[in-house]
Amino acid sequence: MSFTVVGPRDDQELEDAVRRGVADGLARLLGVPRHPDSVQAILDEDVRAEEDHASPTLQVAAGCARQA
């Protein structure tokens with residue numbers, strides 16, 4: 001007999017994903033009103049900062065291979 005141990009982080013990630021999915025579905029269904037422009041600017045700034053910090057740039061070089 002064997003047991004699989006899952007850390008609590010996996011449960012939190014799943015819970016967060018479910019909550020985001022439910023929130024997105026409700027927002028689409030009910031038509032959530034827009035934020036005021038000043039609030040939206042702050043939210044956009046936070047998202048940009050998060051994306052810049054979270055995703056490092058990756059440079060990939062493509063080449064053509066020749067066979068003789």
Side-chain angles (χ1 to χ4, degrees):
M1 181 186 297
S2 66
F3 294 97
T4 302
V5 179
V6 178
R9 180 174 179 208
D10 293 338
D11 293 339
Q12 291 171 350
E13 289 175 1
L14 178 61
E15 184 179 338
D16 186 47
V18 170
R19 285 183 180 169
R20 287 177 186 253
V22 170
D24 184 53
L26 287 174
R28 291 177 188 213
L29 180 68
L30 301 175
V32 177
R34 286 179 34 110
H35 291 293
D37 292 336
S38 58
V39 174
Q40 189 62 48
I42 293 170
L43 294 174
D44 291 341
E45 184 177 299
D46 289 345
V47 169
R48 272 187 256 118
E50 207 173 274
E51 288 173 352
D52 290 344
H53 181 66
S55 59
T57 58
L58 177 65
Q59 296 179 351
V60 178
C64 180
R66 291 185 134 187
Q67 291 182 350

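All figures in this text were calculated on a predicted structure; none of them were measured in a lab.
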Handout entry: Test salt bridge (Lys or Arg N to Asp or Glu O under 4.0 Å) applied to D37 - qualifying residues, sequence neighbours left out
Key =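 R34.
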Problem - Under-4.0 Å salt bridge between R20 and D16 - result: yes
Completion exercise
Value for CG (D24) from CZ (R19), rounded to nearest 0.5 Å, stands at 16.0 Å
